[in-house]
A.B. asks: 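What follows is a structure written as structure tokens; I'll ask about it next.
Only this structure's heavy atoms are used, side chains among them; waters, hydrogens and symmetry mates stay out. Chain A is the first sequence line, chain B the second, and so forth, proteins listed ahead of strands; every chain is numbered from 1.
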2 protein chains.
Amino acid sequence: MKATPTIKDVAQRAGVSPSTVSRVIADHPRISAATKERVRAAMAELNYHPNAVARSLVRRRTYTIGVALSRSAEAALANPFFPEVLRGVGAVARQARYFLTLTTATSYEDEREQCIELLTQRRVDGLILLASRTDDALVDWLAQHSYPFVVLGRVPGRDVPQVNNDNVAAARAATEHLLALGHRQIAFIGGPPDFVVSVDRLAGYREALEGAGLRFQDDLVVHTDFSYEQAYVAARSLLVGPAVRPTALVAIDDSVALGVLAAARELGLRVPEDLSVVGFNDSPVCAHVAPPLTSVAIPIFELGAAAARMLCDALDGVEGPRKILLPSRLVVRGSTGPAPATGKGAMPTPRAVEVVRAEVVRTFGGGYAGG
Amino acid sequence: MKATPTIKDVAQRAGVSPSTVSRVIADHPRISAATKERVRAAMAELNYHPNAVARSLVRRRTYTIGVALSRSAEAALANPFFPEVLRGVGAVARQARYFLTLTTATSYEDEREQCIELLTQRRVDGLILLASRTDDALVDWLAQHSYPFVVLGRVPGRDVPQVNNDNVAAARAATEHLLALGHRQIAFIGGPPDFVVSVDRLAGYREALEGAGLRFQDDLVVHTDFSYEQAYVAARSLLVGPAVRPTALVAIDDSVALGVLAAARELGLRVPEDLSVVGFNDSPVCAHVAPPLTSVAIPIFELGAAAARMLCDALDGVEGPRKILLPSRLVVRGSTGPAPATGKGAMPTPRAVEVVRAEVVRTFGGGYAGG
DNA sequence: TTGCCATATGCAAACGTATGCACACACCGC
DNA sequence: GCGGTGTGTGCATACGTTTGCATATGGCAA
């Protein structure tokens, strides 16, 4: 393979100067049609392609954005979140002529280091990062050095560009679904308490309870990580504990809900007759387990797409909203049903929701897209 | 934010020339310890970071590798393949001081275009790509232009650098496991026939049958895509067809196996009493469905890591194998059991495998790591 | 003819770094 | 005192583009 042709080779071949070739590449209006054609012919003959590195150097733009997703436990393997958000980011980025560079780290610190490296070395023009913890040193650093970035998730108390789904509304809707089915003892299995998503979903759960005039009970709430195994343990403790056994349960993630299903099966509890279960994320597996899992569908692709749109706009100097909140959908399947009749006169079951194969979908939440 | 400091600012501050600063960055042995210290102090004071773009231009290396995974149906959402292979690639790449750029495309053609763009524009030093189809125009193009690349998968009949798991051996082992349980009517649900993985796993299935003295029967083989829904349809056709109903089934993917489980449930067939099922990939969900799914575990992380190692070595001029074949593990769970006794005198069940909660793991396959 | 404007192109200087070569200096042995 | 060797640093130039400014050319009005 001979040396890659440069702009000079093309210039020589077309009988013009390198600057003219450069202007042809940019489709400059002051270059005559005849010259453009001749130069383009030369480029084709030599199979010339502009060197992106050299362009980046002089334009001071790489047209690459960094994506940091691995920093969260949510991006774990079983979770469809990771590839789906990347699809969304990629679709918009490509359309806006940006490339993607991503970090792959195992620890929070390593991830932070990689992001800083990407920006200080000017390998990327901006960053999209998944923010999960309630306090995040990287976000502070980025804001302080005024690097362009967009956060996927919510950063409490900091006014930074962010895209999120309305987790409070989502959890409220999930809980209200159970309330509407007549449940009164509703438990909540949350994630680590230093995760924003845990805080928000717990808040939504609480709002729904209090909105229905019920008391928030500490002993119906348990925190785990996002794993199936931990959820299994947590569910057992909730279901065989000394307290009144809950008839319904909101799980912070589908994998957690699967752990709950396993625990219930083990304890001889039927779902949904004895226990209703709601999960989050509407991962593909929800439709494929027995019973099919009722779950809150998060618009993952759209989250990624919105974040990319926001960042690309900022980089291209286009005005736009700096905060976006996307709505979710409750997908009702077989794992939720009417509350069992209690011994003492049976709570009324307001109205049964169709729970068979057909999925009942409801949309809710979203908003705050102000500048 | 003031302008980013350059090597010249550091030089001025340290009272040396830019070239000396450059040599300090590279830890050149001919720079005195005193000078090095002074320059490093200046770098720290100015918060200087070398500009990667400028370095790339003059070194003619970006220290970035492109990763193209979205080109395969295998990389679909529900599939843990995608993030896991990326983890493997990322771990090795980072260690070798390379960054990752990835393509996100929806079509095969778009993906091809993006890869070519990455290489011709010199945005990346090399490419790792998932090759799934039996014929692949991109692989030809890469080889012809002698760009550095490594294929994840197998490219039949082309001698290109590649990393793969031994799909023939894996499918053979899965089938032999069923044979050992006494099954004689074993069906196979494969993927699209123009996928190498389909061809290889079918070949392994066939080898196992013929090794046991059984005839390969066309009507026990069905091709679908990798989706749950299509698998459900295919499984129904196999299980209610006019032919003798199979007592066991090898599915090309876990999602396909889940579709089979659903079809069986629907038809009132018990698993594993009436039908044994084996899947591929050992995705996390396998352990969490009822019955837990026996599956062939592919070393996905290791595939990614090996591919990255191979590419980085090639880029760094290090000698190494150009083909790697990794072994797989059969993870036996509850979805496979002894063949049901036939009316006419019952096939002997050679030996029961432990199938309860505990997982029986066996390793097999692998090889061909020659230069 | 002169002057002026529009159009089309070239010149040269950037962008921030790496590196071959020259050079200054000190030290050494003869 | 000389050539020789080693050590530490600077000078230029190169990497492949983009772009502000200058300039050449032609047409046209005065």
A.B. asks: Through what angle, rounded to 10 degrees, does the axis of the helix from dT1(C)-dA30(D) to dC30(C)-dG1(D) turn between its ends, using five pairs per end?
C.D. replies: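 For the helix from dT1(C)-dA30(D) to dC30(C)-dG1(D), the axes at opposite ends meet at about 70°.
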
A.B. asks: Heavy-atom count around Gln12(A) CD within 6.0 Å, excluding the residue itself: above 12?
C.D. replies: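 No, CD of Gln12(A) has 12 or fewer neighbouring heavy atoms, counting only those of other groups under 6.0 Å.
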
A.B. asks: Rounded to the nearest angstrom, tell me the gap between atom NZ in Lys8(B) and atom C1' in dT17(C).
C.D. replies: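 Taking atom C1' of dT17(C) as the reference, NZ of Lys8(B) is at 9 Å.
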
A.B. asks: Classify Val21(B) by what it touches in the nucleic acid, base, sugar-phosphate, or nothing, heavy-atom distance under 4.0 Å.
C.D. replies: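 No contact at all - Val21(B) keeps every heavy atom at 4.0 Å or more from the nucleic acid.
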
A.B. asks: Go through the structure and list residues passing salt bridge (Lys or Arg N to Asp or Glu O under 4.0 Å) with Glu109(A), not counting sequence neighbours.
C.D. replies: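 Testing Glu109(A) for salt bridge (Lys or Arg N to Asp or Glu O under 4.0 Å), a comparison that skips the adjacent residues, returns none.
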
A.B. asks: Partners of Arg23(A) by salt bridge (Lys or Arg N to Asp or Glu O under 4.0 Å), sequence neighbours excluded?
C.D. replies: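 Scan of Arg23(A) (salt bridge (Lys or Arg N to Asp or Glu O under 4.0 Å), adjacent residues dropped) gives none.
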
A.B. asks: How close do Ala137(A) and Arg112(A) get, heavy atom to heavy atom, and via which atoms?
C.D. replies: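 Reported closest heavy-atom pair: CB-NE, 3.9 Å.
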
A.B. asks: Identify all pairs in which a protein N or O lies below 3.5 Å from an N or O of nucleotides 19-27 of chain C, and state each distance.
C.D. replies:
| from | atom 1 | to | atom 2 | distance (Å) |
| --- | --- | --- | --- | --- |
| dG20(C) | O6 | Arg23(B) | NH2 | 3.2 |

A.B. asks: Which part of the nucleic acid, if any, lies within contact of Arg55(B), taking any heavy atom under 4.0 Å across all strands shown: a base, the sugar-phosphate backbone alone, or nothing?
C.D. replies: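 Contact class for Arg55(B): sugar-phosphate only.
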
A.B. asks: Run the ring pair (Phe, Tyr, Trp, His ring centres under 6.0 Å) test against Tyr98(A) and tell me which residues pass, sequence neighbours left out.
C.D. replies: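 Scan of Tyr98(A) (ring pair (Phe, Tyr, Trp, His ring centres under 6.0 Å), adjacent residues dropped) gives Tyr63(A).
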
A.B. asks: Only pairs at least two apart or in different chains count here, so list each salt bridge (Lys or Arg N to Asp or Glu O under 4.0 Å) that has a residue in residues 31-54 of chain B.
C.D. replies: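 Those involving residues 31-54 of chain B are Arg13(B)-Glu45(B), Asp27(B)-Lys36(B), Asp27(B)-Arg40(B).
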
A.B. asks: Could you check whether Thr35(A) gets within reach of a base, just the sugar-phosphate, or nothing at all, counting any heavy atom under 4.0 Å?
C.D. replies: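 Result for Thr35(A) = sugar-phosphate.
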
A.B. asks: In whole Å, what is the span from the CG atom of Leu57(A) to the P atom of dA13(C)?
C.D. replies: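 Whole-Å distance recorded here is 17 Å.
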
A.B. asks: Just to be sure I understand the rule, does Val53(A) reach a base, reach only the sugar-phosphate, or reach nothing, if contact means heavy atoms closer than 4.0 Å?
C.D. replies: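 The residue Val53(A) makes no contact with any strand.
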
